[in-house]
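Every chain is numbered from 1 and lettered A, B, ... according to where its sequence line falls, protein lines coming before strand lines.
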4 protein chains.
Amino acid sequence: MFDPTVDLKEQMVEHRRTQILLGAAKVFAEKGYHKATTKEIAQAAGVSEGTIYNYFDNKRELLLAMIELLALQSLKSIINTQPPADPKEFITIILRDRYQLAQERGYLIMPILAEMFTDAELRQEVYQKLAMPVAGFLERYIQTHIDSGMFRPVNPVIATRVFIGSIVVNFAMKLANLDARYEDISPDALIEELASLFMDMLLNPERANEK
Amino acid sequence: MFDPTVDLKEQMVEHRRTQILLGAAKVFAEKGYHKATTKEIAQAAGVSEGTIYNYFDNKRELLLAMIELLALQSLKSIINTQPPADPKEFITIILRDRYQLAQERGYLIMPILAEMFTDAELRQEVYQKLAMPVAGFLERYIQTHIDSGMFRPVNPVIATRVFIGSIVVNFAMKLANLDARYEDISPDALIEELASLFMDMLLNPERANEK
Amino acid sequence: MFDPTVDLKEQMVEHRRTQILLGAAKVFAEKGYHKATTKEIAQAAGVSEGTIYNYFDNKRELLLAMIELLALQSLKSIINTQPPADPKEFITIILRDRYQLAQERGYLIMPILAEMFTDAELRQEVYQKLAMPVAGFLERYIQTHIDSGMFRPVNPVIATRVFIGSIVVNFAMKLANLDARYEDISPDALIEELASLFMDMLLNPERANEK
Amino acid sequence: MFDPTVDLKEQMVEHRRTQILLGAAKVFAEKGYHKATTKEIAQAAGVSEGTIYNYFDNKRELLLAMIELLALQSLKSIINTQPPADPKEFITIILRDRYQLAQERGYLIMPILAEMFTDAELRQEVYQKLAMPVAGFLERYIQTHIDSGMFRPVNPVIATRVFIGSIVVNFAMKLANLDARYEDISPDALIEELASLFMDMLLNPERANEK
DNA sequence: TATGAATGAGATTTCATTCAT
DNA sequence: TATGAATGAAATCTCATTCAT
């Protein structure tokens, strides 16, 4: 039996969840998870405190649900890209994409990162859902190019984390206003420099001559 | 006039502060800053709750004081080292030293890192006191070797953050048991791989021939 | 648009505020402001501790709100009275009214008076809201009768405070069981004696002959 | 056996008590009894916290002891005065004396008065030791003059409290900066007005002619 | 289902008092 | 006797969660 009201209902529930989640994200970003109160979240989401508990078991579930939300947005862009043949060009595309994501959604990820350091379960969750999909994609890309002889025989797992750590720290520096010298580096210049460094790190010098 | 009791008293005060700080560090590491209660901290430190407030103005000061404690321990080893002539050897020494620090004092830094994402003032504090001293040292080292022609003309500020980001993420992976594949990589192998990657990234290929 | 629920809600809020305020008054009267705990106040008001803070920002606001409550009750009776022509009769009415107020609401004013000696802001508040309305009324009354020649040309500001000080101290003596001799003076006798004293103080002897 | 050291010791003990008491008075006056901490009192008195407890059982004893101190200073001047024959002159002397006392030692009496409203035992203590000696003296003075026919046959107990209440409230107004109009009344003018009011209240009009 | 007032456990912090030196 | 560090009970206030409407 086909019951269209079920779908409609599900849609409405999903819509409410997202509405609450976005309210929570806003407040988490401003105050951090612990200092955000459910009252503030309710206000930001435009619902009452009680309603939050109709859609989420407790405050922590809001944080966990935000991971899924982020994962969705984080992967959408990166995975579907058809990699260009030139690795530097590809890395530049990825850097641009991640920089944009950091700029637009950085506030969403900050409270999650903060809690990761304390909460082992959350750590697992974030690693599985947010980090691994991207990391795995990069690992495979590196491995492929090692096999083809274009990249040096580096450890792709480690090299991927070098890549991730480098961009996380550098983009954080650029966006957090902690070091005045980053103000003099344009986003494009930063991306170009990082891409160059990675290329020098990865490209097989023997093959480079062929080019 | 020489008054030895002043020194003695100061020593005792310092000792008590450290005792309380270590208790706080223990509980912060286990539960995170926000979920750590002053009652637990007092227990862990072996003092009463009231005593904490004879040495620190409030709970947050415990976190701030931990930064100083860490900064002291963090810098002691790295700065006083007389860099060997071979850059790879030098970087390996640094990596080994940081790995040991991460292993031994990682638990101290986790709650601080967590709060950094929420607390802008703490962010500044950590950057000034913990990050910059090490980063500045590396920046100067890189600059010197660029000037001598041994390193490529990279941006030393960015390259330093690549370095820091890479080791933070890789050491975190190794120590946090998040990815099973890191169990198969020995600390030495990890350090060797990272050193190699950095060398490839930094060494001037033209000068490399001279060697 | 007419929305009767707004009024209803406001009424309920007002009712709860009063309920809590009366609980606080009870405990303040018994123990004084500082020794009264929010736990006791909550019990006396029949609500939980948390509920107090849904209606008042902090403990001190309870004290401040009590001033308004008192001011309302204190003024209601005195101002609306149409003064009789005979001053002694009028003063007797006022004394009776104040005596009754002291008897019935004295416990409300004691903790406020106590805090006045410490808290400059409260002092201002009480003077503006409690003392001045009554004092101003008396001052004007005295001035009018000076102008008409019935009262001597006394300073009405000072005379009013003589009046107020006299009845505060005498009624306090009568009600506080501090001096056994006041037990032998009936309220009516006390009021009559005070009225006589004030009349002797204020009446113009030259006009008195006319009578 | 005569032992001069006992006296010396007692003197030193008395001196220390007074030293501590004056420190307490200072802090009580600034912050009120409840907000004054023993640490502050110790500092103000120039002793350690522990030492306070060698001379007083607890914080409250400091307040009780201050009553004795005040009683001593309060009575010294008033009782030993040989009353002049003219009542107005006498009352003026008393008013001047009390005004000076209020100015100089008002800060000592404020915290005591504050606690009186809460603490029944203190109320008794203050009434017996501070109020009654002065009140009794006035009562006897009034009674004597009633007997001699110079004063009306007023109730001396009540009239005395009228007197006390009047000067307490008026002097408080003058000294507390609560009412701007008191700034325009000089102390002498205030005393003169009060003396006149009391004379009108008390003097027997029949005898007044004799004068 | 939505509301938001009520709850009360629990957190931080203060401070009078004690007591070993 | 003087000290002042240590104590820990107790106080105020917050806030996630519940539940009657």
Side-chain angles (χ1 to χ4, degrees), chain A residues 9 12-13 16 20 33-43 45-62, chain B residues 5 9 12-13 15-16 19-20 34-43 45-62, chain C residues 5 9 12-13 15-16 19-20 34-43 45-62, chain D residues 9 12-13 16 20 33-43 45-62:
Chain A
K9 204 172 179 181
M12 281 177 62
V13 165
R16 258 297 155 85
I20 293 168
Y33 174 69
H34 288 281
K35 290 194 184 158
T37 67
T38 48
K39 178 173 250 168
E40 285 168 318
I41 293 167
Q43 266 172 2
V47 299
S48 73
E49 274 187 274
T51 301
I52 295 174
Y53 288 85
N54 289 333
Y55 294 87
F56 298 91
D57 280 352
N58 49 48
K59 194 181 165 188
R60 192 165 175 276
E61 290 295 320
L62 289 169
Chain B
T5 62
K9 198 173 175 182
M12 282 178 63
V13 165
H15 179 259
R16 256 301 149 82
Q19 177 190 359
I20 292 168
H34 288 282
K35 290 201 183 152
T37 68
T38 48
K39 178 170 259 171
E40 287 168 318
I41 293 168
Q43 269 171 0
V47 298
S48 72
E49 273 188 273
T51 300
I52 295 173
Y53 290 87
N54 289 337
Y55 293 86
F56 298 90
D57 280 351
N58 49 51
K59 193 183 165 189
R60 192 164 178 276
E61 289 294 318
L62 288 169
Chain C
T5 63
K9 198 174 177 183
M12 281 180 63
V13 166
H15 178 259
R16 257 301 151 81
Q19 177 189 0
I20 292 168
H34 288 282
K35 290 199 182 153
T37 68
T38 49
K39 180 172 258 170
E40 286 168 318
I41 293 168
Q43 269 171 1
V47 298
S48 72
E49 271 189 275
T51 300
I52 294 174
Y53 290 88
N54 288 338
Y55 293 86
F56 298 91
D57 280 351
N58 50 49
K59 192 183 164 188
R60 193 165 177 277
E61 290 293 321
L62 289 170
Chain D
K9 204 173 181 181
M12 281 178 61
V13 165
R16 259 294 154 86
I20 292 168
Y33 173 69
H34 288 282
K35 291 194 184 158
T37 68
T38 49
K39 178 173 251 168
E40 286 169 316
I41 293 168
Q43 267 172 1
V47 299
S48 73
E49 274 188 274
T51 301
I52 294 175
Y53 287 85
N54 289 334
Y55 294 87
F56 298 91
D57 281 352
N58 49 48
K59 195 183 166 189
R60 192 164 175 277
E61 291 294 320
L62 289 170

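The minimum heavy-atom distance linking B:Ile52 with B:Thr38 is given by the pair CD1-O, 3.6 Å.
In this structure, CD of C:Glu40 is placed 12 Å from P of F:dA10, rounded to the nearest angstrom. Rounded to whole angstrom, the span from the CD1 atom of C:Ile41 across to the P atom of F:dT12 amounts to 7 Å. Rounding to whole angstrom units, CZ of residue A:Phe56 and C1' of F:dA16 are separated by 16 Å. Distance, D:Lys35 NZ to F:dA11 C1': 14 Å, rounded to whole Å. For the pair C:Glu61 CD and F:dC13 P, the computed distance is 10 Å after rounding to whole Å. Distance, A:Gln43 CD to F:dA16 P: 13 Å, rounded to whole Å. Atom CE in B:Met12 sits roughly 9 Å away from atom P in F:dA5 (whole-Å rounding). Put simply, NE2 on A:His34 is 13 Å from P on E:dA11, counting in whole angstrom units.
Here B:Ala42 lies out of heavy-atom contact (under 4.0 Å) with every strand. As judged by a 4.0 angstrom heavy-atom cut-off over every strand, A:Tyr55 is placed among residues touching the sugar-phosphate backbone only. Note on B:Thr51: a base of the nucleic acid sits closer than 4.0 angstrom, heavy atoms only.
Remark: side-chain polar atoms of B:Gln19 are paired, donor with acceptor, to backbone N or O of B:Ala45 under 3.5 angstrom.
To the nearest 0.5 Å, atoms NZ (D:Lys59) and OH (D:Tyr33) are separated by 5.0 Å. Residue B:Tyr53 holds its OH atom at 11.0 Å from CD of B:Glu61, rounded to the nearest 0.5 Å. Summarising the geometry, atom CD1 belonging to B:Ile20 is positioned 10.5 Å from atom NE2 belonging to B:His15; distances are rounded to the nearest 0.5 Å.
Between A:Tyr33 and D:Val47, the residue anchored closer to the 5' end of DNA chain F is D:Val47, taking for each the nucleotide with the nearest heavy atom.
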Nucleotide N/O to protein N/O under 3.5 Å, stretch nucleotides 17-20 of chain E:
residue, atom, partner, partner atom, Å
E:dT17, OP2, D:Tyr53, OH, 2.8
E:dT17, OP2, D:Lys59, N, 3.0
E:dT17, O4, D:Glu49, OE2, 3.3

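For DNA chain F, if you chain together Watson-Crick or G-U pairs that step i with j, i+1 with j-1 and so on, the runs of at least three with distances under 3.5 Å are E:2-21 with F:2-21.
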